[in-house]
Amino acid sequence: MLRCAVKRFAYFATFLTIVANIYIYTYPSFHPEQCSWSCSNKNALLQKDLTLSDKVKRYFSDVREQWGGNHAFADNDKDIHILAFGDPQIKGIWPKTPYVSRLDTYGNDYYLGHIYDMMQQRLNPQVVTVMGDLFSSQWIGDSEFHNRTKRYISRIFKRDPTSIEKVKQQNLDEQGQYKANWPEWGDRFNEILNSVKENETENSELSFGFGYENIHSWNPDLEDFLIINITGNHDVGYSGDATYQHMTRFHDLFGKDNYWIEYETNTTHPWRIVVLNDLLLEGPALQPEFVEATWIFLNQLNERKFNGSTVLLTHVPFYKREGLCVDGPDTRFYPDTHAPESYKAGLLRSQNHLSESVSNRVLNMIFENGKPGIILTGHDHEGCETVYNKRSSSAWEATRNIESDVFVKEITVKSMMGEFNGNTGLITGHFNTDSMTWEWTFSLCPFAIQHVWWFAKVSLLITIFTWSSLLFV
Ligand SMILES: *[C@@H]1O[C@H](CO)[C@@H](O)[C@H](O)[C@H]1NC(C)=O
Ligand SMILES: *[C@@H]1O[C@H](CO)[C@@H](O)[C@H](O)[C@H]1NC(C)=O
């Protein structure tokens, strides 16, 4: 009797496990257009009213393509392929964290890792970028910052954390934990800053080393693509919060916050990636010298008079009027009496967008050549697509649709967090040889709320357990 019931349950659990796991391991195939690089022949298939049987056919043909070793996904190998993940915001575990939340945080790392694995294997991108807010808080200690970086590297991106372990060994506190050596980093930073300022016209001996060329991997022995980590307000703080400590540990563990990489410069189709820490563009800032350094970066970038297309990667979106995206303009400053941190009174506390004047200045400096480009941002977890139209020699206006000959698209990449369905942004750059310009297309590939992933994992455990228990009843 019992045996019979257990057996029935085992079959039922097996069925659910199979369905759930097929779903999580083939989820991109349910949205084949959104989850594939854009290419002209694929777009031809874009039909509005597919019947259910068309959808089923499309699903199976996509699964076959992906798992059959048929690399139809990267068929135009001159195209540029970028994966962008919005605001993962991984949380921490504290002594008082309840066990359920601990489990949730632990599982969440693997949920995000599952999305990365699926998209990476399916699409084989050249660049993977995380749009800032890698962690959930800027108010954490160095040791916790290091521990989260380790989770980020090993659980989400499945890579070897030895390089950051090495950084830890070189920067230990009395308890044997990582401690950012900010006095040393700060001295070096100021030495370079002063030298660059003094020699503005000539080439300074010291430099921030903002520029790169043709980098396809930071670590060619390990991987054939580039990982770019962008600073978010939760990683280094807004300019009213950002301290030497914040900047030191970001640089130690994630690399530079401002740089450019130019590609194919001596061809007909040059393009570049610009990584910009736009949290440190305006103030009042706690350390105004950081803001100064960001403007030096933008000036140096502008002086290159680059004649190609630009992919700008940054965290806080550009200024736009209320109603275009979920977040409207909102800038806050610390109140005059901000106890206990009275030294922060009046400083920039938060911003949804850059200010209008800073947005115009930055757009002018980066997109001066009028060539089409694309801006990817994070911050607003809901995602958004707008167009910046150049209205005059110095003013850009955000609208929903293209309204001017010179324009740049801004994509706010919807968050990869479970509540937002675990999205991945796909950016395809295609060089149109008729118009001799780069064309950029974006699509958003959704997964599902984290519970679906949990269900697939837990039902597998229950199924194994139920079948094993049949040996004993
Ligand atoms: C970080 O991890 C180390 C090693 O597991 C541990 O000893 C330390 O307490 C952690 N730091 C924090 C702030 O939890
Ligand atoms: C960004 O982080 C990844 C993984 O955490 C790391 O492999 C990569 O080298 C980092 N990028 C830079 C520019 O340091």
Side-chain angles (χ1 to χ4, degrees), residues 85-92 129-153 164 167 171 178-186 188-190 192-193 208 210 227-259 274-298 312-317 331-334 341 343-344 347-354 358 362 376-381 415:
F85 294 108
D87 305 48
Q89 297 202 189
I90 62 173
K91 297 196 182 91
T129 167
V130 185
M131 305 313 304
D133 283 0
L134 319 174
F135 303 156
S136 66
S137 170
Q138 65 268 49
W139 316 115
I140 58 179
D142 291 343
S143 165
E144 175 63 16
F145 193 89
H146 188 277
N147 291 0
R148 277 194 219 183
T149 310
K150 197 166 165 189
R151 283 166 46 200
Y152 174 88
I153 290 182
I164 68 154
V167 173
N171 297 278
Y178 167 72
K179 184 175 189 293
N181 187 348
W182 61 264
E184 187 182 299
W185 185 89
R188 181 77 188 150
F189 170 85
N190 280 298
I192 300 174
L193 182 67
F208 285 111
F210 293 131
I227 298 195
I228 295 180
N229 316 295
I230 294 163
T231 46
N233 50 291
H234 284 315
D235 311 311
V236 298
Y238 293 100
S239 75
D241 301 324
T243 58
Y244 279 95
Q245 184 191 5
H246 283 118
M247 299 306 287
T248 305
R249 62 198 193 184
F250 192 91
H251 278 77
D252 273 3
L253 303 175
F254 288 115
K256 290 179 185 166
D257 57 339
N258 289 308
Y259 55 95
V274 173
V275 175
L276 172 66
N277 179 2
D278 70 352
L279 295 152
L280 295 172
L281 276 175
E282 49 194 293
L286 186 60
Q287 307 289 349
E289 59 275 33
F290 293 157
V291 173
E292 235 179 308
T294 316
W295 285 104
I296 289 175
F297 165 70
L298 284 171
L312 171 61
L313 307 176
T314 192
H315 181 68
V316 177
T331 304
R332 298 184 186 187
F333 300 91
Y334 281 107
E341 299 169 302
Y343 61 94
K344 286 194 179 174
L347 302 183
L348 181 64
R349 186 177 199 167
S350 71
Q351 53 188 163
N352 277 355
H353 304 151
L354 299 177
V358 164
V362 174
L376 301 176
T377 63
H379 205 42
D380 178 341
H381 299 160
S415 169

Measuring only between side-chain heavy atoms, which start at C-beta, is Leu347 closer than 4.5 Å to Tyr238? no
Could you work out, with side-chain hydrogen bond (donor to acceptor under 3.5 Å, both in side chains) as the rule, every residue matching Ser239, not counting sequence neighbours? none
Of Asn233, Asp257, Thr377, the residue whose pairing with His315 passes side-chain hydrogen bond (donor to acceptor under 3.5 Å, both in side chains): Asn233
Suppose we screen for side chain to side chain contact (heavy atoms under 4.5 Å, CB included). Which residues come up paired with Asn181, at least two apart in sequence or across chains? Asn171, Pro183, Glu184
Interatomic distance, CG@Asp278 vs CG@Leu312, rounded to 0.5 Å, equals 8.0 Å
Sub-4.5 Å side-chain heavy-atom contact between Phe297 and Val274: yes
Taking every heavy atom of Gly237 against every heavy atom of Ala242, the minimum-distance pair comes out as O-CB, 4.3 Å
Nearest 0.5 angstrom please: Glu289 CD to Ile296 CD1, how far? 11.0 Å
Sorted by chain and residue number, the salt bridge (Lys or Arg N to Asp or Glu O under 4.0 Å) partners of Arg148 (sequence neighbours excluded) come out as Glu144
Apply the test side-chain contact (heavy atoms from CB on, under 4.5 Å) to residues Leu134 and Phe250: give CA-CA distance (whole Å), side-chain angles for both, the deciding distance (0.1 Å), then the verdict. CA-CA 11 Å; Leu134 319 174; Phe250 192 91; 4.2 Å; yes
Once ring pair (Phe, Tyr, Trp, His ring centres under 6.0 Å) is applied, do any residues pair with Phe145, and if so which ones, sequence neighbours excluded? Phe135
Is a donor on one side and an acceptor on the other found under 3.5 Å between the side chain of Thr294 and the backbone of Leu280? yes
For Ile228, enumerate each residue passing the side chain to side chain contact (heavy atoms under 4.5 Å, CB included) test, keeping only those at least two apart in sequence or located in another chain. Val127, Thr129, Leu226, Ile230, Tyr259, Ile273, Val275, Leu313
With distance as the sole criterion, is a donor-acceptor pair present between the side chains of Asp241 and His246 under 3.5 Å? no
By side-chain hydrogen bond (donor to acceptor under 3.5 Å, both in side chains), Arg188 pairs with (sequence neighbours left out) none
Starting at OG of Ser415, measure out to CZ of Phe85 and round the result to the nearest 0.5 Å. 11.5 Å
Compare every heavy atom of Trp295 with every heavy atom of Leu281, then report the nearest pair and how far apart it is. O-NE1, 2.9 Å
The criterion is ring pair (Phe, Tyr, Trp, His ring centres under 6.0 Å); which residues satisfy it with His353, sequence neighbours excluded? none
Atom NZ of Lys91: over 12 foreign heavy atoms under 6.0 Å: no
Between Asp87 and His381, is there a donor-acceptor pair closer than 3.5 Å when you use the side chain of the first and the backbone of the second? no
Side chains of Leu276 and Leu298, heavy atoms from C-beta outward: is any pair under 4.5 Å? yes
Kindly write out the residues that satisfy salt bridge (Lys or Arg N to Asp or Glu O under 4.0 Å) with Lys179, not counting sequence neighbours, or none if the list is empty. none
Which residues share a ring pair (Phe, Tyr, Trp, His ring centres under 6.0 Å) with Tyr152, sequence neighbours left out: Phe157, Phe254
If you compare all heavy atoms of Phe333 against all heavy atoms of Pro284, which two are closest, and at what distance to 0.1 Å? CE2-CD, 3.7 Å
Let me confirm one number: the CD1-CD1 distance from Ile164 to Ile153, rounded to the nearest 0.5 Å. 4.0 Å
For the student: nearest non-hydrogen atoms of Pro88 and Gly132, plus distance: CD-O, 4.0 Å
As an exercise, state the distance from CG of Leu376 to CE of Met131, rounded to the nearest 0.5 Å. 5.0 Å
Is the backbone of Asp235 close enough, under 3.5 Å, to the side chain of Arg249 for a donor and an acceptor to pair up by distance? no
Taking side chain to side chain contact (heavy atoms under 4.5 Å, CB included) as the test, write out the residues that go with Trp185, two or more places apart. Phe189, Tyr244, Met247, Thr248, His251, Phe290
For His234, enumerate each residue passing the side chain to side chain contact (heavy atoms under 4.5 Å, CB included) test, keeping only those at least two apart in sequence or located in another chain. Gln89, Asp133, Gln138
Is it true that Asp142 and Gln245 share a donor-acceptor pair across their side chains at a distance under 3.5 Å? yes
Go through the structure and list residues passing ring pair (Phe, Tyr, Trp, His ring centres under 6.0 Å) with His146, not counting sequence neighbours. Tyr178
Do Asn352 and Asp380 come within less than 4.5 Å of each other through their side chains, counting heavy atoms only? no
